[in-house]
2 protein chains.
Amino acid sequence: MSATNTRVPPGEGVGPAVNPDDCPVREVLDRIGDKWSVLVIVLLGRRTHRYSELHRTIDGISQRMLTLTLRALVRDGLVERTAHASVPPRVEYSLTGLGRTLLEPLTALDRWAVEHREDVRAARERHDRERPGA
Amino acid sequence: MSATNTRVPPGEGVGPAVNPDDCPVREVLDRIGDKWSVLVIVLLGRRTHRYSELHRTIDGISQRMLTLTLRALVRDGLVERTAHASVPPRVEYSLTGLGRTLLEPLTALDRWAVEHREDVRAARERHDRERPGA
DNA sequence: CAGTATCCGAGCGGATACTG
DNA sequence: CAGTATCCGCTCGGATACTG
């Protein structure tokens, strides 16, 4: 992993300078590292959802944030919006091909999280015990 | 991928409710999804760095943010701080075993980013062309 | 060198009310 | 049903100055 400007064989090099604006990983995180995007992607990875389904299923999301999140994902080509002209309106969201490819690295991260969440919790607790003050 | 409270075989289930506070992936993102953590992890993944090295290498980071980022990573057990008592002081940061395990899923995400950044850029451009207004 | 302390502006996201 | 519009607090992070 490396910034584009300093692509180096892993483990090598002294690395000149790393820029957050030109680093692939950080670029993804800027898009899906927010509070809601991943949740939306995960749900759409299971199946197509209607707007109201997402709103009901994602606990605590506001209409505003759901709309903004979906808009950003659609804009980035990860999610597809399909409006069925009917009364009442019916709008469905699903992952695009591109969006589905993201599921794999996301799953890898999820596995890590599941496997190591307890380690992190323990490390944190130990740390806080040793440094009582804030 | 799924929220802990609704762990479901991928692609299955109607999924009751997904909570951002109880979802492994989001938990990781809450820790390393910020502006600087990944950059630090990546650099420490290459080799041990001194504080000043990180400060020089990571373009644009402030002392404040470098310190806060390192503190959080140490607290979570991903990074180890070693202070050599000498004058002038010499403090080295390196990944812990736990921190190194994170490198793998991060690399997966990096690969995705490199492989698809152009797709995203194109999708975005097309989208903006079709919807001229903000 | 390796931090800490303080101040402050920008924007992320919640709450609420309204609409095609 | 599927959104918009508006207001607003709070946190993230930058700038600057100071210290063991």
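Chain letters run A, B, ... following the sequence lines, proteins first, then strands; residues in each count from 1. We use all heavy atoms of the structure for the numbers below, so side chains are in, but hydrogens, waters and symmetry mates are not.
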_With a 4.5 Å cut-off on side-chain heavy atoms, are B:Thr101 and A:Glu115 touching?_
no

_B:His55 (side chain) donor-acceptor with B:Ile61 (main chain) under 3.5 angstrom_ = yes

Could you list all N or O pairs between the protein and nucleotides 7-13 of chain C that sit under 3.5 Å apart?
| from | atom 1 | to | atom 2 | distance (Å) |
| --- | --- | --- | --- | --- |
| C:dG13 | OP1 | A:Lys35 | N | 3.3 |
| C:dG13 | N7 | A:Arg64 | NH2 | 2.3 |

*Going by distance alone, is a donor N or O of one side chain under 3.5 Å from an acceptor N or O of the other, for A:Thr107 and A:Asp110?*
no

*Hey, where does DNA chain D pair up into stems, meaning at least three consecutive Watson-Crick or G-U pairs with distances under 3.5 Å?*
C:1-20 with D:1-20

*asked:* Can you pull out every salt bridge (charged side-chain N to carboxylate O under 4.0 Å, His left out) where at least one residue sits in residues 91-102 of chain B? Sequence neighbours excluded, please.
replied: B:Arg90-B:Glu92

*Can we say A:Arg121 and A:Glu118 salt-bridge, meaning some charged N sits less than 4.0 Å from an Asp/Glu carboxylate O?*
yes

*Between B:Thr82 and B:Tyr93, is any side-chain donor less than 3.5 angstrom from a side-chain acceptor?*
no

_Validation row: A:Val91, A:Arg81 side chains within 4.5 angstrom (heavy atoms)_ = yes

_Contact boundaries on DNA chain D for chain B, cut-off under 4.0 Å to non-hydrogen atoms_ = D:dG13 to D:dG20

*Name the nucleic acid region contacted by B:Thr67, choosing base, sugar-phosphate or nothing; use a 4.0 angstrom heavy-atom cut-off, strictly under.*
base

_Sugar-phosphate only, base, or nothing, as touched by B:Arg81 at under 4.0 Å among non-hydrogen atoms_ = sugar-phosphate

_Residues from residues 85-96 of chain A lying under 4.0 Å of DNA chain D - heavy atoms_ = A:Pro88, A:Pro89, A:Arg90, A:Val91, A:Tyr93

*Does some side-chain heavy atom of A:Leu106 sit less than 4.5 Å from a side-chain heavy atom of B:Trp112?*
no

_Under 4.0 Å between a side-chain nitrogen and a carboxylate oxygen: does that hold for A:Arg126 and A:Glu130?_
no

*Hey, does the side chain of B:Thr96 reach the backbone of B:Glu80 with a donor-acceptor pair shorter than 3.5 angstrom?*
no

*For A:Arg75, what residues pass the side-chain hydrogen bond (donor to acceptor under 3.5 Å, both in side chains) criterion, not counting sequence neighbours?*
B:Asp128

*Under the salt bridge (charged side-chain N to carboxylate O under 4.0 Å, His left out) criterion, do A:Arg47 and A:Glu53 qualify, and how do the steps go?*
CA-CA 11 Å; A:Arg47 62 171 176 82; A:Glu53 284 182 310; 3.5 Å; yes

*Select from A:Gly60 and B:Tyr51 the residue whose nearest nucleotide in DNA chain C is closer to the 5' end of that strand.*
B:Tyr51

*asked:* When you compare the side chain of A:Leu102 with that of A:Ile32, does any pair of heavy atoms fall below 4.5 Å?
replied: yes

